[in-house]
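Working notes, structure below.
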Protein chains: 2
Amino acid sequence: MSNIKVLPLLEPESGPESVAPCCPPLTERPFTAEEAERTARMFKALGDPVRLRLFSLVASHEGGEACVCDISDVGVSQPTVSHHLKKLKEAGLLTSERRGTWVYYRVEPSVLASMGRLLASP
Amino acid sequence: MSNIKVLPLLEPESGPESVAPCCPPLTERPFTAEEAERTARMFKALGDPVRLRLFSLVASHEGGEACVCDISDVGVSQPTVSHHLKKLKEAGLLTSERRGTWVYYRVEPSVLASMGRLLASP
DNA sequence: CTTGATGTTCGACATACGTCTATGTTGACA
DNA sequence: TGTCAACATAGACGTATGTCGAACATCAAG
């Protein structure tokens, strides 16, 4: 269960330049039902204030990754933090790795670029 | 009730170049609780497949606006469409205007740019 | 004014979601 | 092996959300 396959925004290992994003910009043409289904999952994952703080915290952290022990001031209990991090993982926005006692989360690098493309203005 | 004040992404009428977006890029620093609260509202609004299709449909439509009569193929009933369009309005993503018999929706122009900035890569 | 078309609002309902406390699981270290 | 710390999972609970059909509001045209 270490590979997230929920949201294949990019073809995995397709090379750094042959980016194949999930969907065209929102303004290019009406989304199909399937495109909307996949893309909405990302937006939904970021649609909760706590998750958005967690994501921002990980994304802005030194080295692009953060340990759960670093984040205890988001206003919710530790199990709730864990629950939200899991949601972000399921949406394909974060990955996690255990190193010794601690678990480190980092942002899936392709995601930010892909989401940015969705909102890109022509 | 014609002015949406829910999500002041930009200072209203602050001029075309003095853009004052709500929040820094997600990767710049951890979001505060208030920033997360405001920004999550946008993502949440786009976090539903039907709403995402509606938004994409309006955003990509001829002239940047679309009549409700044009959108009947999203798989839900017409009252549900109306309900979702209202949600998008409340999130500050769309505006509506009645012209005669029909109601036209258009995307709030500053929103796409602001959201793009949130996800911009350095 | 009446009729028909276009949207919106209103209840009602099932489901999903966010949160908590309590309990597991995993690894480090005596 | 036993114990502690870090994190995850399970179950429960209240609230929010998406959906529908029915009723309402608004406008154009007879």
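Residue numbers start from 1 in every chain, and the chains themselves are labelled A, B, ... in the order their sequence lines are given, proteins ahead of strands. Bear in mind the structure is a predicted one, so any value in this text is a computation, not a measurement.
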- Message: Given A:Thr39, which partner from the list A:Glu37, A:Met42, A:Arg41 fulfils the side chain to side chain contact (heavy atoms under 4.5 Å, CB included) test?
- Response: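 Output: one option passes, namely A:Met42.
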- Under 4.0 Å: is that the gap between some side-chain N or O of A:Thr80 and OP1 or OP2 of C:dC20?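 It does, given that an N or O in the side chain of A:Thr80 lies less than 4.0 Å from OP1 or OP2 of C:dC20.
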Take the protein atom [atom1] of [X] and the nucleotide atom [atom2] of [N], then report the distance between them rounded to whole Å.
| X | N | atom1 | atom2 | result |
| --- | --- | --- | --- | --- |
| B:Glu90 | C:dT9 | CD | P | 9 Å |
| A:Lys86 | C:dC17 | NZ | C1' | 14 Å |
| A:Gln78 | C:dA22 | CD | P | 14 Å |
| B:Arg53 | D:dT19 | CZ | C1' | 16 Å |
| B:Arg41 | D:dT17 | CZ | P | 11 Å |
| A:Leu94 | D:dA8 | CG | P | 12 Å |
| A:His84 | D:dC7 | NE2 | P | 17 Å |

- Query: Start at the 5' end of DNA chain C and walk down; is the nucleotide closest to A:Gly75 or to B:Asp70 reached first?
  - Reply: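 Mapping each residue to its closest nucleotide by heavy atoms, the 5'-most match is B:Asp70.
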Choose from [options] the nucleotide whose nearest atom is closest to any side-chain atom of [X].
| X | options | result |
| --- | --- | --- |
| A:Arg98 | D:dT9, D:dA6, D:dT19 | D:dA6 |
| B:Val68 | C:dG18, D:dC7, C:dG7 | C:dG7 |
| B:Val103 | C:dT8, D:dG21, C:dG18 | C:dT8 |
| B:Cys67 | C:dC20, D:dT17, C:dG7 | C:dG7 |
| B:Ser82 | D:dA16, D:dC7, C:dT8 | C:dT8 |

